[in-house]
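We name chains A, B, ... by the order of the sequence lines, and we start the count at 1 in each one. No experiment lies behind these values; they were computed from the predicted model shown. Atom set for the values below is all heavy atoms of this structure, side chains included, hydrogens, waters and symmetry mates excluded.
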Number of protein chains: 2
Amino acid sequence: MYIEVFSLNSELDHYDSRILAELQSDARISMAELGRRVHLSQPAVTERVRKLESSGVITGYRATVNVNRLGYGIRAVMRVSRAEYARVVKLIGQTPEVINAYNITGEDSWLLEIAVIDVAHLDAVVTKFCILTETSTAIILNAARENYPILPARQENVKPLIKKTTTA
Amino acid sequence: MYIEVFSLNSELDHYDSRILAELQSDARISMAELGRRVHLSQPAVTERVRKLESSGVITGYRATVNVNRLGYGIRAVMRVSRAEYARVVKLIGQTPEVINAYNITGEDSWLLEIAVIDVAHLDAVVTKFCILTETSTAIILNAARENYPILPARQENVKPLIKKTTTA
DNA sequence: CATGAAAGTAACTCTCG
DNA sequence: CGAGAGTTACTTTCATG
């Protein structure tokens with residue numbers, strides 16, 4: 001018999017994966033409809049969703065919007081070089097154009113994704129960060145993939161460094 | 001009198017902004033509750049949401065998940081140098097670890113955001129793309145901001161290159 | 001399974017061009 | 001006077017104990 005390889009998500013079964021897939025593709029379906037899709041009763045699926053929320057697997061539900069339709073002609077990514085951490089965080093907090101801000105490894109310690117109205121607006125935002133440190137900006141031409149649904153990491157995807165061994 | 005400066009979102013009024021803000025912070029509230037928050041009746045707010053959807057302003061609703069809780073220990077960004085467009089797109093299609101894939105300007109023509117289980121898994125994904133062209137990977141240490149809500153670009157935020165002029 | 005809330009539908013009102 | 005948007009009232013569907 002094989003030794004079980006447990007992971008952080010060992011408690012998530014097939015039903016939970018189905019639920020997560022459905023809610024990542026449409027977060028506004030009713031629990032009744034979700035139950036139909038995953039073949040569970042409505043109270044059963046509601047209880048599972050509640051547990052996924054309270055255990056922190058599901059962190060929220062958000063409408064996704066088309067930034068172009070909202071008047072933002074340009075999306076861009078800015079690489080921001082090392083600078084005093086607190087100052088960068090503060091500046092991000094003062095910049096609503098920043099949609100995502102990642103602190104990353106390497107020479108560029110920050111990667112920001114921004115949405116701006118036009119080139120003049122882009123210039124204004126870049127300048128705000130240039131005052132702090134060096135930046136490098138690239139405009140997003142298109143997205144081949146966006147917010148791809150994430151399913152629980154499965155054991156067959158894991159390539160363990162230590163092979164499973166048999167018990168005595 | 002000033003010439004009106006129209007933009008793509010000129011039809012979006014204060015109510016629509018409120019609706020967009022609410023649905024980006026919680027996409028699962030009922031239309032009745034949304035109506036209460038923005039001070040409109042349930043049928044009225046439902047109709048506005050329907051129009052925002054059909055006009056392409058709202059593109060969908062998604063549950064957001066904690067990738068760590070799903071067994072992915074590492075999030076990273078990969079910069080991928082110029083390569084045959086179709087081959088990159090095809091490879092992205094074959095790689096579920098890619099959450100976001102942006103085609104960008106500059107030397108690195110692609111920026112990919114990925115979620116992987118561990119270093120061995122990261123190595124496997126990076127190698128897939130290294131075969132095609134040069135890559136540069138940085139691990140995401142933390143996110144100072146994620147999916148910041150986007151509101152309609154407002155005229156007071158726009159710095160027009162051509163100033164408003166008076167009519168004859 | 002029963003009760004209360006929410007969604008969908010229809011008829012009516014109000015305002016504005 | 002007609003078009004558009006909102007409200008109220010009512011029926012069906014959904015959520016919750």
Side-chain angles (χ1 to χ4, degrees), chain A residues 11-66 68-71 149, chain B residues 1-66 69 149-156 164 166-168:
Chain A
E11 75 281 359
L12 296 178
D13 65 8
H14 177 69
Y15 285 119
D16 294 309
S17 288
R18 293 283 310 273
I19 289 167
L20 289 169
E22 292 293 341
L23 289 179
Q24 283 178 87
S25 87
D26 183 1
R28 276 195 68 82
I29 55 172
S30 67
M31 289 297 110
E33 175 59 22
L34 181 58
R36 275 176 228 122
R37 293 190 192 179
V38 307
H39 302 298
L40 280 175
S41 72
Q42 187 261 1
V45 85
T46 301
E47 179 60 13
R48 278 174 180 263
V49 170
R50 196 199 59 74
K51 280 182 184 167
L52 289 169
E53 290 168 355
S54 65
S55 68
V57 172
I58 293 174
T59 55
Y61 305 93
R62 14 183 87 250
T64 54
V65 298
N66 181 325
N68 282 302
R69 291 287 166 88
L70 291 179
Chain B
M1 189 196 277
Y2 288 106
I3 292 174
E4 285 285 325
V5 179
F6 289 112
S7 64
L8 283 167
N9 61 314
S10 59
E11 74 280 358
L12 296 178
D13 65 8
H14 178 68
Y15 285 121
D16 294 309
S17 289
R18 293 282 309 274
I19 289 167
L20 289 169
E22 293 292 342
L23 289 179
Q24 283 179 88
S25 85
D26 184 359
R28 274 194 71 81
I29 55 170
S30 67
M31 288 298 110
E33 174 60 23
L34 181 58
R36 276 176 227 120
R37 293 190 191 179
V38 306
H39 303 297
L40 280 175
S41 69
Q42 180 262 329
V45 84
T46 302
E47 178 62 11
R48 275 174 179 265
V49 170
R50 194 198 62 73
K51 282 182 182 169
L52 289 169
E53 290 168 355
S54 65
S55 67
V57 173
I58 293 174
T59 55
Y61 305 93
R62 10 184 88 252
T64 54
V65 298
N66 180 326
R69 290 287 165 87
I150 301 159
L151 294 184
R154 298 191 302 166
Q155 290 312 315
E156 51 266 47
K164 293 175 187 176
T166 56
T167 55

Reading nucleotides 7-17 of chain C from 5' to 3' and marking B where a protein heavy atom lies under 4.0 Å of the base, S where only the sugar-phosphate is that close, and - otherwise, the string is BBB--------
Out of the candidates I19(B), I58(B), I150(B), only one should pair with Q24(B) under the side chain to side chain contact (heavy atoms under 4.5 Å, CB included) rule; please name it. I150(B)
Taking only residues two or more places apart in sequence, or in another chain, which ones meet R37(B) in a salt bridge (Lys or Arg N to Asp or Glu O under 4.0 Å)? E22(B), E33(B)
Contact check, residues 47-64 of chain A vs DNA chain D, heavy-atom distance under 4.0 Å, returns none
Keeping the roles fixed (side chain from T59(A), backbone from N66(B)), state whether a donor-acceptor pair exists under 3.5 Å. no
Taking side chain as C-beta onward, heavy atoms only, is L40(A) less than 4.5 Å from E47(A)? no
List for me each residue that meets side-chain hydrogen bond (donor to acceptor under 3.5 Å, both in side chains) alongside R28(A), sequence neighbours excluded, and say none if there are none. none
From CZ (R62(B)) to CG (D26(A)), nearest 0.5 Å: 9.5 Å
Would you please name every residue forming a side-chain hydrogen bond (donor to acceptor under 3.5 Å, both in side chains) with S55(A), sequence neighbours left out? none
Outer limits of DNA chain D sitting under 4.0 Å from a non-hydrogen atom of chain B, read 5' to 3', are dA5(D) to dT8(D)
Is there a side-chain contact between L151(B) and L70(A) (heavy atoms, below 4.5 Å)? no
salt_bridge(E53(B), R50(B)) N-O dist < 4.0 Å: no
Restricting to non-hydrogen atoms, name the atom on H39(A) and the atom on Y15(A) that form the minimum distance, rounded to 0.1 Å. O-CE2, 3.9 Å
